[in-house]
Amino acid sequence: MSSKSEQLPSVTYTPIVRPRNWSRFLSISPAILFLGFFFIYPVVLLLGLSFVDSSGTLTLEHYTRLYEKAVYVKVLLITLKIAGWTTIFSILAGYPIAYLLSTVKSSTRNSLVIWVLMPFWTSFLVRTFAWIVLLGRHGALNELLLALGIVDAPVRLIFNFTGVMIGMVHALMPLCVLTMMSVMENIDRNLVSAASTLGARGGQAFWRIYFPLSAPGVAAGGMLVFITSLGFFITPALLGGARDTMIVQVIIFQIHEVLNWGFAGAIAMLLLASVLVIFFFYDQLLGLSTLSGESTHEHKKGVIGRIGRWLGGGVINILSYLCEQGGILIDKLTPLRTDRKRRQGSRTTLWITAMTVIAFLCIPALFVIPVSFTEDGFLGWPPVGFSLQWYEQVLNSPAWAAAASRSFVVAISSALLGMSIGVPAAFFLARRQFFGKAALFAFLVSPIIMPNIIIAVALFYLYAKLGLVGTNMGLILGHTILAIPYVVITVMAILKNYDHRLDQAAWTLGANKWQTLTRITLPLLSAGLIAAFMFAFVISFDELTIALFVTGGEVTTLPKQMWDDALMRVSPALAAVATLLLAFMSCIIFSTEYVRRRGLRK
Amino acid sequence: MTEYKLRTRNVRKTYGSVVALKAASIEMQEGEFLTLLGPSGSGKTTLLMAIAGLNNPDSGDIWIDGKLANFLPPFKRDLGMVFQNYALFPHMNIFDNIAFPLRMRKMPMALIRKEVARVLEIVELDHVAKRFPRELSGGQQQRIALARCFVYKPSIILMDEPLGALDKKLRESLQREIKQLHENLGITVLYVTHDQEEAMVMSDRICVMNDGSIDQIGTPNELYFQPSTMFSADFLGESNLFDAQVLEVGKDSVLMRGPAGMNVLGELKESVKIGEQVKFMIRPETVDTDNDVTRDNAVEGILKEVIVFGQITKYFIELSDGTEMVSTQLTSRSSSTIEIGQRIILNWAKTSTVILTSDAGS
Ligand SMILES: Nc1ncnc2c1ncn2[C@@H]1O[C@H](COP(=O)(O)OP(=O)(O)OP(=O)(O)O)[C@@H](O)[C@H]1O
Ligand SMILES: [Mg+2]
């Protein structure tokens, strides 16, 4: 593949590149060209539209309108508020799980992670409907509360801020947990032991040692959740009230209803600008490199960094002090017995908390399965009787069949394309040292940072010119943009642990570059590569934002078909589709896990 | 009964089906330097962790200063631990690392500054206080780990292979430093190492561990010249190990029939009986090659190989039945005059023959 063109001497100990020979950059150029044309170019075009009026002359009218109409700033503030609270709740609820997962045996961890990831595999439309049914005025939760006598009248849990929070935290917490876990796993457990031999109580050791070390993970997880929530529109549209409108909904309205591209571009610019400001602060506080789960203990020198550290130190001092006083109090109340095992109260609490949160993550999936077998005509709880009618209806419907097969084709193609562009780029980034490496990495993963809606709208604009709207090709290219960052990150992570000397050994044994790549490197990395492929596949398979914009008429994907269906009528057929999807995704995840474990055994 | 500074009795620890520690019993006097020596996986770290209160042992008792401490939390044990991989806090600079235990003890800031400066001076690293652990070399980090432990003057210090990752030179200088600190401050030290030379040099007593249990405890001298088990004999230093049958048990000596039909005289050991199969060991440096037939033990063989290792020279001699015996001597000019193939009479004193009763492990 890529390395064939590279001309390293047969034994290198310091693979440092002198960028004289341009053929060396052959492996990275497809990624640069692809993202440059299908991602950067249309986004710039879209944002450029915001500076011209309908006749094509340069103007700031869209921005003055944005500024004059208080409503847009207000929507931005609401968006920031919703994203902020989602982030806070995701961290608070996710931290105990991540902590638990990173301190249990790896076999326990693997089985728990599957449950944590449950929301990922339940199509997000379906879980949103599940919440509607569960939280509604006559929903399962209210019935339960009434039956238990906790409340006298049904509580309003939906079509307001509470509903939005439940839906969004549920959707995004897994992302937060995984990111925090990747940092926590690398914290040396001896450090906490060391602190306790040095005289720190459990709580003090946690706040002074463990928590600061896990902070980069918390920040990175929180950042990802925050940025992703800024681009949400389905959950607030379906679970929120009129006051919970988010900025993306306004952009969609401008494009679909008013057809005002310039103004949509201006709102997108506002969104992008707030994202960039937030990134700036994040970088000042912690450094962008922590986003990839890498924990640097480098201290930021800027003013913001110093203020942040000072505040953080203060909070930690207070919490640590409280824990100490609490510990002393407990010691006074229950005299220490050195001949008996101490009660592991904190550990039990941790398990209970984590299990409660995991239950919250699994509820919609567990709700969807029984409902799909209902005899009733609508999506309600509890399901009535047992029938397979909804499965029959879905499986016999040509529309669903077409959508499913298109989703497959698109997902496999974009995963393949993403791999063939992303893998060489990852090899290039992981193996070389050159000026601007960090910037190049940031460029390759920038589609993650860019709110999906901006990519979707920009692609729509570009495709309209190229005639790609409503084509499979358009969808594949769009999903490939999203797949590349994940492929690059996953493959770079496995390459970090790959022993480069194995390649060198093969070279000294007489294998040429191509033989080394195909016989040594790729087989050893196969488990990781398969994981990257699956990742890309799932991202495309469950993608709705881009599909909403670039598909048209008969050409739909499964999520798009579900969306359209849901807009017409919420029928148990949706639950049937969701159950089928859940089963399908489970197969994928389990087979990936199987391959991964087999890879580990080798 | 004398009060021990630290005492464990039958401490047992399992991880699932793995028995990491079988029934470890050790006793340490105040101010003693005891080293746990044993192959990888023999349970040294597990025992240390149990003493520090970092893993709850399944059974057995631990006393510190005569008080039962089985489930006393680590922060109340008044002991210090130096971890195998230093365990310096990466997010704190060197000053904060060393100040940590003092802060936990609520010491006033002025005093903390003074104390940290004092220990930094002892480890000769006063210029690094503002740096972070990753900005120090391995040896420097090691010294900071020691400083962090010494600063709050715990009365017991546990050290888990503290010098494992260092090169020979640095290691030797730190060995001296640790030994000096130990002597000056009168601390009780429980030390872990893989390196037998290190154990010999530093310890008052050595505890040889094998497969989760304690094989033998004794002074370096005792262990070296009077090992009581096969494992200890084999693990420490080099040895000539042979099978033998007991022929006679005399008033102060034992006569055995060894390999190549040789009669071997050893010091009396009560437990042996006539006719019993035993093993005996002779350290190569106690075997002479000077053809003196008047010694307690003398056996003829053919010189097969001579290797000069700088200061010492090793002679490999084959006995009549093909058994190999090694003799180690200081290198001298005459070393080179002996020729390969020559007949040699090896000889050694009966006190050098150590009779080993077959231990459970073999
Ligand atoms: N947390 C653990 N979980 C399971 N098994 C463990 C654990 N810690 C230690 N063991 C096992 O217990 C046994 C003793 O381990 P220990 O760490 O005490 O050995 P050690 O003598 O310190 O070895 P080394 O010299 O390599 O450090 C080993 O077989 C090890 O695999
Ligand atoms: Mg160990």
Side-chain angles (χ1 to χ4, degrees), chain A residues 105 107-108 183 186-216 286 290 295-300 309 312-313 316-317 320-321 323-325 327-328 330-331 334-344 346-347, chain B residues 15-16 45 48-49 51-58 61-64 67-93 96-107 132-135 145 148-149 151-152 154 156-158 160:
Chain A
K105 284 201 306 271
S107 55
T108 316
V183 170
N186 293 326
I187 298 178
D188 181 359
R189 283 214 249 162
N190 271 345
L191 293 176
V192 174
S193 298
S196 67
T197 64
L198 293 172
R201 280 167 188 281
Q204 285 173 302
F206 175 81
W207 287 112
R208 288 189 184 275
I209 308 299
Y210 194 89
F211 184 75
L213 291 174
S214 68
L286 292 144
T290 52
S295 50
T296 54
H297 303 294
E298 210 168 292
H299 283 262
K300 285 286 170 175
R309 236 185 355 270
I316 282 171
N317 276 338
S320 164
Y321 176 78
C323 281
E324 187 191 0
Q325 294 307 316
I328 292 172
I330 290 175
D331 281 357
T334 55
L336 199 65
R337 291 279 299 263
T338 57
D339 54 344
R340 265 209 320 239
K341 215 169 182 156
R342 271 163 293 145
R343 277 166 294 112
Q344 291 273 319
S346 52
R347 197 78 193 160
Chain B
Y15 292 105
T45 301
L48 234 56
M49 294 286 217
I51 293 171
L54 297 172
N55 62 12
N56 285 326
D58 302 348
D61 293 314
I62 298 167
W63 288 271
I64 295 172
K67 289 192 218 71
L68 191 69
N70 289 2
F71 295 105
L72 192 68
F75 59 90
K76 292 201 168 156
R77 293 194 183 204
D78 182 35
L79 48 74
M81 177 143 176
V82 180
F83 286 78
Q84 205 159 353
N85 56 357
Y86 321 138
L88 296 180
F89 306 130
H91 61 304
M92 295 182 184
N93 66 20
D96 289 331
N97 259 285
I98 299 179
F100 186 85
L102 304 179
R103 290 206 168 113
M104 290 298 110
R105 285 167 176 73
K106 298 261 169 334
M107 208 178 252
F132 283 86
R134 64 174 183 287
E135 297 166 342
R148 187 175 68 176
C149 202
V151 74
Y152 61 102
I156 304 173
I157 292 188
L158 315 174
D160 196 353

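Side-chain atoms are counted along with the backbone in the values below, which use heavy atoms only and exclude waters and symmetry mates. In what follows, every chain begins at residue 1, and chains take the letters A, B, ... in the order their sequences are listed. Computed from a predicted model, the values in this text were never measured in an experiment.
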message: Are more than 12 heavy atoms, taken from residues, nucleotides or ligands other than B:K106, located less than 6.0 Å from that residue's NZ atom?
response: yes
- request: Identify which part of B:R148 has an atom lying under 4.5 Å from any heavy atom of chain A, answering side chain, backbone, both or neither.
  value: both
- prompt: Below 4.5 Å, heavy atoms only, C-beta onward: do A:I209 and B:F100 meet side chain to side chain?
  reply: yes
Region of B:L54 that comes under 4.5 Å of a non-hydrogen atom in chain A: side chain
- prompt: Are any non-hydrogen side-chain atoms of A:T197 and B:C149 less than 4.5 angstrom apart?
  reply: no
statement: Scored by heavy-atom pairs under 4.5 Å with chain B, the best of A:A215, A:A205, A:A200, A:G202 is A:A200
message: If you count heavy atoms of other groups shown closer than 6.0 angstrom to OH of B:Y15, is the number above 12?
response: yes
- request: Report the residues that fulfil side-chain hydrogen bond (donor to acceptor under 3.5 Å, both in side chains) with A:N190, sequence neighbours left out, ordered by chain and then residue number.
  value: none
task: Let me see the working for B:M104 and A:L198 under side chain to side chain contact (heavy atoms under 4.5 Å, CB included), right down to the final yes or no.
output: CA-CA 8 Å; B:M104 290 298 110; A:L198 293 172; 5.7 Å; no
message: For B:N85, which atoms come within 4.5 Å of any heavy atom of chain A: side chain, backbone, both, or neither?
response: side chain
message: Please find the pair of heavy atoms, one from B:R105 and one from A:G199, that lie closest to each other, and give the distance.
response: NH1-CA, 4.0 Å
query: With sequence neighbours left out, what residues match A:R208 under salt bridge (Lys or Arg N to Asp or Glu O under 4.0 Å)?
result: none
- line: Turns out that what part of B:K76 lies under 4.5 Å from chain A's heavy atoms comes down to side chain
query: Which answer fits B:L158, side chain, backbone, both or neither, if we ask what part of it has an atom under 4.5 Å from a heavy atom of chain A?
result: neither
